[in-house]
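Below: one structure, written as structure tokens.
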Amino acid sequence: MYEYHNNTLSIPARLLFDDWGLISYDNYQNLCKRGKLVRTKEGRGPGNEPFVSFHDLPVHKGVDFKKVCIEGLGEPKEVVVRNQLENYILPDPKAIKFFAEHRKPCGKPLSLEDQREKATNVTILNAIQTVLNNPSIKYKMFGRKKTQIWQNISEAVNAVNPKKWTYSLPGNPRRLKAKYEEYIPNKYEVFLHKGEGQKNAQIIKDEIADFILAKYCLPIKMSIPEVLKDYEREATKHNWKFLTEPAVYNFLHQPEQERIWTLARHGLSAYNKKYKHTLTRDRSEWFPNAYWAIDGTKLDWIHYWDDSTNKMGAKLKIDVMFDVYSEKIIGWDISFTESHIEHFKTIKMAVNEAQCRPYYLTYDHQGGHKMDRMQALYDSLVAIDKGTHHPNKAKNHSNPAENLFARIQQEVITKFWFSDGQSITVKRDDNKMNADFILENKAHLKTVDELQKAWIAAVNIWNDGEHPHFDKTSRNQVYQHEMPMKEPLTLWEIMDKMWIDETKRLVTYKSSGMKVELSGKKYEFEVYDGNGDVDLDFRYKNIGKKFKVRYDPDFIEDGYVQLYEKDAKNNYVWIANAEPKRKHQNIPALMKEGQKEQWLADMEVRKLELQRTQRELKALEARTNINRDTLREDTDLIIKMGGNVTKVEQLIAEAVDQEYDF
């Protein structure tokens, strides 16, 4: 008779004043008012009865109510408590039909056990969706704390009676939430194994492959079932073979196809995120004051200022000069604006701190940096011998100041109680300010002058903080390192040796190359051709693939690793050798002979790959005549015919007959 109400283990209140006669009804009401009994469910309305919290049962007039309850109902842990989520677990006929009709590439259906398990997984996720879509039910079952909801959902799923339901959903709250979020847009397909259609995917080629890929490339972002539906109409005309959804999925997600439709469906930004070749900077020769970076940003501290209409807000900006090697802030200025004046003040402080010239200086594209006066200052600021300065390339994600700002924001600035959070666009509650707390303490907000002192404190906290790449060494201490010019480390090739060890897990080759942890250390590798250039053909065909990595631990620092892939017989075969990824020196004063030419060649990789992908896309559109123009024409025709597909196909057929009518 135990039940959960408001996520609290409860018992019917009538047991106390009726069944067990421990108290009278009036005494029960009095104990509830005094808080001695905690009511978890009101008994108002016909058919409803009140419940009280089991864990809060008191000792009243020498009688231990909880002990009496256990004697009468047994230990709660021995009782199967009704799981409220099970009330919403209902059969899904479409899911049952989907898994019953599904066929593996070999033509065999799923086993009855698999069908039952997968369909039950669907019904439980459907139940969660039903509850989450109804706020009143959601809050009643899982509470109002956003950070606790999925913990409560996970507990409810884990408590589903296994004798009644056969399911295999993740038991971890984070993984369960990820599975749910994957299920909502993709539905039943998420429970099918990704590799299931691999064999059939290999027979999708020539004009069939072109049709499937071209349809999936369209910017209307057709789903695989929609592509397959269009394919089936074409297949009857051309006598093409039957395809399954898993086969199409696996064909489209092969690296050579995926990079093409990623560019076409999602645009250049998504393509670059996954496929754009990146360079790794060689920082081994850097030293204090070799590289300075200046940038400005909003200071996320709420304050008072004279010109404000409501006397409070976050309007100040900070201009900061970082020594990139040590990450130390060596110059700064706080103001309501970000102009060349603030840059001058920041640079003056930096020069007083460093008492030397930087060899390399970068800044953003803010107008103040581009003024003739600032450019002249930068010309005189950098080292006379090979010193240089320039703005960071737009959208190139190579501005070190941005990364440092993000970290100082998170590690220092947001720890002050008057911070308004990391950004107005943040989604996580942990990154947002507590507006109620700020309003309650608005009388204690700082003025602009007081924030000057607060910023000095923040700078000292950051500079005294531990440098992430120097163990137990503060940024101030790293800034005191010697400043010698060092010779670069030279990579050398080694002869093929007996390979005595191999990694136990497969590693993905990504746009940035391959990152592997071997013998407790992290390394980066890339495949180069016989001329020592980045192997474009290998990258084009293999980004996104997983490889087994074999290596010789004695030569891992400056040797190479072997990449192996499974063949059709499930045996591992050698594919390529990957060398330690070439590092580039971007400070001209530190570049040695030939390094700039190699840097330019490696920079060219991203351009060449994009051009090749664009050529493949255009050729595909030319071969199939499926492109943005035909998409618009087809859409216009459908609109003209009022959505009557039969008439549309008839008009197309008549047009073809007239074209060949001699």
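Residue indices begin at 1 and follow the sequence shown.
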Less than 4.5 Å apart, any side-chain heavy atom of Pro109 and any of Phe99?
no

Does a side-chain heavy-atom distance below 4.5 Å link Asn577 with Leu563?
no

Nearest heavy-atom contact between Met591 and Asn586 is CE-CA, 3.9 Å

Determine, for Tyr564 and Lys548, whether the Lys NZ or Arg CZ falls below 6.0 Å from the six-membered ring centre while staying within 45 degrees of the axis.
no

Can any side-chain N or O of Tyr167 pair as donor or acceptor with the backbone N or O of Val157 at less than 3.5 Å?
yes

Would you say Gln585's side chain and Leu590's backbone share a donor-acceptor pair under 3.5 angstrom?
no

Output yes when a side-chain donor or acceptor of Asn158 lies under 3.5 Å from a complementary backbone atom of Gly171, and no otherwise.
yes

Heavy-atom side-chain contact between Asp535 and Tyr528 under 4.5 Å:
no

Can you tell me how far the CE atom of Met222 sits from the NZ atom of Lys229, to the nearest 0.5 Å?
9.5 Å

Mind checking what makes ring pair (Phe, Tyr, Trp, His ring centres under 6.0 Å) contact with His253, not counting sequence neighbours?
Tyr249, Trp261

Do Asp529 and Leu536 touch side chain to side chain, with heavy atoms closer than 4.5 Å?
no

Between Ile128 and Leu125, is any pair of side-chain heavy atoms under 4.5 Å apart?
yes

If the test is ring pair (Phe, Tyr, Trp, His ring centres under 6.0 Å), which one of Phe242, Trp240, Phe251 qualifies with Tyr231?
Trp240

Hey, could you give me the CG/CD1 distance between Leu243 and Ile224, rounded to the nearest 0.5 Å?
11.5 Å

Test the Arg174-Trp150 pair against the cation-pi criterion, namely NZ or CZ under 6.0 angstrom from the six-membered ring centroid and within 45° of the ring axis.
no

Asp92 side chain to Lys94 main-chain N or O, any donor-acceptor pair under 3.5 Å?
yes

Is the distance between the ring centroids of His390 and Tyr363 under 6.0 Å?
no

Starting at CD1 of Ile260, measure out to CZ of Arg265 and round the result to the nearest 0.5 Å.
13.5 Å

Smallest separation among heavy atoms of Ala290 and Asp323, with atom names
N-OD1, 4.3 Å

Tell me whether the guanidinium CZ or amine NZ of Lys179 lies under 6.0 angstrom from the six-membered ring centre of Phe191 and within 45° of its axis.
yes

Verify the distance criterion only: is there a donor paired with an acceptor across the side chains of Glu117 and Ser168 at less than 3.5 Å?
yes

Assess the side chains of His277 and Glu604: does a donor N or O sit below 3.5 Å from an acceptor N or O?
no

Could you check Tyr359 against Thr388 for side-chain hydrogen bond (donor to acceptor under 3.5 Å, both in side chains), going step by step and ending with a plain yes or no?
CA-CA 6 Å; Tyr359 285 88; Thr388 187; over 6 Å; no

Hey, does the side chain of Gln595 reach the backbone of Lys592 with a donor-acceptor pair shorter than 3.5 angstrom?
yes

Test His266 against every option in Lys273, Lys274, Lys221 by the side-chain hydrogen bond (donor to acceptor under 3.5 Å, both in side chains) rule and name the one that passes.
Lys221

State whether the side chain of Arg623 and the backbone N or O of Asp210 hold a donor-acceptor pair below 3.5 Å, judged by distance alone.
no

Evaluate the criterion side chain to side chain contact (heavy atoms under 4.5 Å, CB included) for residue pair Met514 and Glu526; output intermediate values, then yes/no.
CA-CA 6 Å; Met514 177 174 285; Glu526 185 151 30; over 6 Å; no

Run the ring pair (Phe, Tyr, Trp, His ring centres under 6.0 Å) test against Phe405 and tell me which residues pass, sequence neighbours left out.
Phe322

Begin with the C-alpha distance, continue with both residues' side-chain angles, and end with the deciding distance and a verdict on side chain to side chain contact (heavy atoms under 4.5 Å, CB included) for Phe211 and His238.
CA-CA 12 Å; Phe211 180 90; His238 303 286; over 6 Å; no

Tyr275: partners by ring pair (Phe, Tyr, Trp, His ring centres under 6.0 Å), with sequence neighbours left out:
Tyr271

Check whether any side-chain heavy atom of Gln129 lies under 4.5 Å from a side-chain heavy atom of Ile184, and answer yes or no.
yes

Close side-chain approach of Pro255 and Lys545, heavy atoms under 4.5 Å:
yes

Heavy-atom nearest pair, Ile153 first then Leu176, reads CG2-CD2, 4.1 Å

If you look at every heavy atom in Cys217 and Leu620, which pair is closest and at what distance?
SG-CD2, 4.2 Å

Roughly how far apart are Leu213 CG and Ile208 CD1, rounded to 0.5 Å?
13.5 Å

Any chance the side chains of Asn186 and Glu182 put a donor and an acceptor closer than 3.5 Å?
no

What's the separation between atom CD1 in Ile212 and atom OG1 in Thr624, rounded to the nearest 0.5 Å?
11.5 Å

May I ask you to decide whether Arg582 forms a salt bridge with Asp533, counting only side-chain N to carboxylate O separations under 4.0 Å?
no

Does the ring of Tyr509 carry Arg539 above it, NZ/CZ under 6.0 angstrom from centre and within 45° of its axis?
no

For His467 and Lys328, test the side chains for any donor-to-acceptor distance below 3.5 angstrom and give the result as yes or no.
no

Is the centre of the His102 ring less than 6.0 Å from the centre of the Tyr188 ring?
no

Can you name the closest pair of heavy atoms from Leu110 and Asp114 and give their distance?
CB-CB, 4.1 Å

Check: Thr473 side chain, Asp471 main-chain N or O, donor-acceptor pair, under 3.5 Å
yes

Hey, mind stepping through Asn272 and Ser269 against side-chain hydrogen bond (donor to acceptor under 3.5 Å, both in side chains) and telling me if it holds?
CA-CA 5 Å; Asn272 285 339; Ser269 178; over 6 Å; no

Donor on one side chain, acceptor on other, Thr508 and Lys546, under 3.5 Å:
yes

Under a plain distance cut-off of 3.5 Å, with no hydrogens placed, do Glu258 and Gln254 share a side-chain donor-acceptor pair?
no

Might you work through the side chain to side chain contact (heavy atoms under 4.5 Å, CB included) test for Phe525 and Val561, ending with a clear yes or no?
CA-CA 8 Å; Phe525 297 98; Val561 296; 3.6 Å; yes

Backbone N/O of Gln151 and side chain of Ser154: donor-acceptor pair under 3.5 Å:
no

Salt bridge check, Lys541 against Glu256: does any charged N sit closer than 4.0 Å to a carboxylate O?
no

Taking every non-hydrogen atom, the tightest pair across Pro288 and Glu482:
CD-O, 3.6 Å

Is any side-chain heavy atom of Val478 less than 4.5 Å from a side-chain heavy atom of Tyr325?
yes

Cationic N near anionic O, under 4.0 Å, Lys237 to Glu234:
yes

Under a 3.5 Å threshold, yes or no: a donor from one side chain and an acceptor from the other, between Tyr479 and Ser474?
no

State whether Arg628 and Glu621 are salt-bridged, where the test is any N-O pair (Lys NZ or Arg NE/NH1/NH2 against Asp/Glu carboxylate O) under 4.0 Å.
yes

Donor-acceptor pair, distance only, cut-off 3.5 Å: does the side chain of Thr362 make one with the backbone of Pro391?
no

Let me confirm one number: the OG1-CZ distance from Thr166 to Arg116, rounded to the nearest 0.5 Å.
6.5 Å

